[in-house]
Amino acid sequence: MPTETIEFQVEARQLLQLMIHSVYSNKDVFLRELVSNASDALDKLRLEKLWDDSLDADVSDPHIEIDIDKDARTLTVRDNGIGMSYDEVGRLIGTIANSGTAQFLQELREAKDAAGAEGLIGQFGVGFYSGFMVADEVTLVTRRAGESQGTRWTSRGEGTYTLETVEDAPQGSSVTLHLKPADPENQLHDYTSPWKIREIVKRYSDFITWPIRMAPEDSGAADTSDEAPEPETLNSMKALWARPRDEVSDDEYHELYKHIGHDWREPLETIRLQAEGTFEYQALLFLPAHAPHDLFTRDVGRGVQLYVKRVFIMDECEALLPPYLRFVKGVVDAADLSLNVSREILQQDRHIEMMRRRLTKKVLSTVKEMMAKDQERYATFWREFGTVLKEGLVTDSENRDAILAVASFASTHHDTEPTTLKQYVERMGDGQEDIYYLTGDTRQSIENSPHMEAFRERGIEVLLLTDAVDEVWADAVGEYEGKKLRSVAKGQIDLDAKDENTPDSEREKQTEEYAGLLGWMKERLEEDIKEVRLSSRLTVSPACVVSDANDLTPALENMYRAMGQEVPTAKRILELNPEHELVKGLNQAYREREDRTELAETAELLHGLAVLAEGGQPKEPARFVKLMADRLERAL
């Protein structure tokens, strides 16, 4: 059959040029694409031989071979797989966009940017054409297994390609790239360099099932042997996630973790997952033993490595795990996924969401199992990653219960041992309807807070929350098993209402006795507070400030401002301890004196002391210090 010169379709030519110049951000991936195609061809030959025993094909040594010719500046990727017939070459390689429909062209014209065009190109399998990024000319020689005649396809990627038959083609396919000159400024490397080829294969194709071979580099020494040097295998072929658990040692798992996690320590836990059925994938995940230093750095790279049929696709696939599991390292290998042509951007796919949900539940169930069976390892995990895991209580309502089940918190029940919400509820006394908590910078500062006094005196357990995220999740979760989560520093908490030793008549009497003072102090401090009232939560301190039940706490206000959100400053409530001698004296002085100038300063100092007691700062620190110094001087 004579050589045919065929012109690309107009739309196919435009598509080819767009792909060569716009789609791939990293030119190294051309080799990944060619090796992946070769691996697919070997897979197809194996299957076809299983289906048809009579197929005349050599399956004794399936492999992929890479050959470099520095003098001719060519690189060849060769396989002895299924190959293609003359008609298949014309149909699969000769035409980029088989459909060529008017609708496709219209969508292509409407894609304003390269990213939009990428998504459209992703409808077609054109990874073969990535070779034109690095080559001036591409030659494909192929022979289908079981046929005697081969086919040569050649193109410079401009307007035409040639097709001809060849008689001596070996089984399989070989793609020869006539390389462009190296241009490091445009990320066009020297692909005749053996070390560069090794680097690319190791990065993208290390776990491919079939051996990828290359002749060793000529050392320059005289070779006295007539035999060709034995080719070296570039890939390990050790996809640990695809091997049965009893065939892989813990040391092998740990070495893989150290490689992908860039960590010299062993992982805390190894998680295996294999999904079968209509959509198959395998996962090998690791829980680190230590939090990385950049765990809370904004825009830090996160996500597990994504493979498709053992071909490396993405180093940090964020779509496979939620942000609060960003510390998880590992590999996910899918049998098939909707990828665009460059395999760099995942199209939205229900399979991605399916994997994300399954992987998330698997990680959380593993932590729960660790919590039940190995408290020491769980304690290590929670110490390192509890703070980030609690972010999921805000962002992932679907798995909120699962996260709460593995969460533990410091509490007043024990000085060192944390507690779960389930354990807290089991210990609640008769008549207690709420789960109480208090947030702060440290356990010590929380325990010394005036808000804790009545709870300590009555032996009511309080959760001591010291992470910044605690302010947010406690408000978002709201309740646990029908028990409301209540901050002891917010709203009206009348513990006396549950105390039979404090009759209603006594409280009413106190309210009436202090009514004048409370109203006067509210007027004097109206710029800073919304209300002054008697407290049932204080037993030692004279006063404290609390937030209204529906207001943001100062810590939460500061957090939102740090995130760039404008929030109004909410006025707080000042609570007075009617049993404290200072408050009693202030009330008596208010009743007896007509000139209340000094009393106003005392009220201001009392409010400042309450703000300081919860870790805040008076509005005018210099004035507060002056007033305090004057009072101390007069007291001496």
Side-chain angles (χ1 to χ4, degrees), residues 436 438-440 445-446 448-457 486-497 507-558 567-591 593 596-628 631:
Y436 294 109
L438 183 58
T439 59
S445 66
I446 297 175
N448 292 331
S449 170
H451 301 110
M452 294 287 294
E453 292 173 2
F455 294 87
R456 188 184 302 112
E457 183 177 274
R486 293 198 62 185
S487 169
V488 303
K490 289 183 69 174
Q492 182 83 47
I493 296 180
D494 192 359
L495 299 178
D496 287 337
R507 284 193 294 272
E508 292 173 2
K509 182 180 179 181
Q510 285 181 336
T511 303
E512 184 178 342
E513 182 181 350
Y514 282 89
L517 176 66
L518 301 181
W520 174 77
M521 288 185 68
K522 181 181 178 182
E523 284 183 26
R524 300 299 306 177
L525 302 172
E526 63 180 351
E527 290 186 7
D528 303 311
I529 62 173
K530 67 163 63 173
E531 184 183 351
V532 182
R533 67 189 182 201
L534 297 183
S535 177
S536 62
R537 70 186 90 208
L538 296 174
T539 61
V540 178
S541 301
C544 68
V545 285
V546 299
S547 298
D548 213 346
N550 299 316
D551 286 345
L552 298 178
T553 62
L556 206 51
E557 289 179 5
N558 293 334
V567 291
T569 300
K571 289 184 178 181
R572 313 286 300 287
I573 298 169
L574 177 64
E575 289 193 351
L576 303 182
N577 180 2
E579 302 299 330
H580 196 280
E581 292 302 322
L582 175 57
V583 177
K584 288 181 178 179
L586 183 61
N587 187 41
Q588 184 176 351
Y590 166 77
R591 291 183 170 187
R593 300 180 192 176
R596 296 178 178 140
T597 305
E598 287 191 6
L599 285 185
E601 294 178 350
T602 304
E604 190 176 340
L605 283 172
L606 192 59
H607 174 249
L609 290 171
V611 172
L612 284 171
E614 70 162 6
Q617 180 175 293
K619 186 171 68 174
E620 298 181 48
R623 173 174 170 76
F624 178 82
V625 170
K626 183 179 183 303
L627 289 176
M628 181 62 72
R631 290 304 174 94

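What you see is a predicted model; the values in this text were computed from it and never measured. Values reported hereafter were calculated over all heavy atoms of this structure, with side chains retained and with hydrogens, waters and symmetry mates removed.
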Inset, instruction - Determine whether Y514 and K584 make a side-chain contact, defined as any pair of heavy atoms from C-beta on separated by less than 4.5 Å. - result: yes
Legend entry - Value rounded to 0.5 Å, distance of NZ in K530 from NZ in K522: 10.0 Å
Inset, instruction - Looking only at non-hydrogen atoms, find the nearest pair between S541 and H580 and report the distance. - result: C-CD2, 3.8 Å
Inset, instruction - Drop me the distance from R533's CZ to L574's CG, to the nearest 0.5 angstrom. - result: 10.0 Å
Legend entry - K571 NZ: over 12 foreign heavy atoms closer than 6.0 Å: yes
Inset, instruction - State, with a plain yes or no, whether a side-chain heavy atom of L576 is found less than 4.5 Å away from one of N587. - result: no
Inset, instruction - Check whether any side-chain heavy atom of V546 sits under 4.5 Å from a side-chain heavy atom of R537, and report yes or no. - result: yes
Inset, instruction - Determine the minimum heavy-atom distance between L534 and P578, stating which atoms define it. - result: CD2-CB, 4.1 Å
Inset, instruction - Please confirm whether the backbone N or O of L599 pairs with a side-chain atom of Y590, one donor and one acceptor, at under 3.5 Å? - result: no
Legend entry - CD (Q510) with more than 12 external heavy atoms under 6.0 Å: yes
Legend entry - Close side-chain approach of F624 to M628, heavy-atom, < 4.5 Å: yes
Inset, instruction - With rounding to the nearest 0.5 Å, note down the distance linking CD in E581 to CG in L586. - result: 12.5 Å
Inset, instruction - Would you sort out whether H607 and R524 count as a side-chain contact (heavy atoms from CB on, under 4.5 Å), showing the intermediate values? - result: CA-CA 11 Å; H607 174 249; R524 300 299 306 177; over 6 Å; no
Inset, instruction - Would you name the heavy atoms of S487 and L438 that are closest together and state the gap between them? - result: OG-CD1, 4.5 Å
Inset, instruction - Taking all non-hydrogen atoms of both residues into account, name the closest pair between E453 and T539 and its distance. - result: OE1-N, 2.8 Å
Legend entry - Distance, nearest 0.5 Å, that separates CG of L605 from CD of E601: 7.5 Å
Legend entry - Inter-residue atom distance E614.CD - T439.OG1, 0.5 Å rounding: 9.5 Å
Inset, instruction - Indicate whether any N or O donor in one side chain lies under 3.5 Å from an N or O acceptor in the other, for R631 and T602. - result: yes
Inset, instruction - Provide the closest heavy-atom pair for P542 versus L582 in the form atom of the first, atom of the second, distance. - result: CB-CD2, 4.2 Å
Legend entry - Residues, nucleotides or ligands: over 12 heavy atoms within 6.0 Å of K626 NZ: no
Inset, instruction - Kindly check if the number of other-residue, nucleotide or ligand heavy atoms within 6.0 Å of CZ (R596) is above 12? - result: yes
Legend entry - For the student: nearest non-hydrogen atoms of A610 and C544, plus distance: CB-CA, 3.7 Å
Inset, instruction - Apply side-chain contact (heavy atoms from CB on, under 4.5 Å) to E513 and R591, showing your working. - result: CA-CA 10 Å; E513 182 181 350; R591 291 183 170 187; 3.2 Å; yes
Inset, instruction - Rounded to the nearest 0.5 Å, what's the gap from CD on E457 to CE on M452? Could you check? - result: 13.0 Å
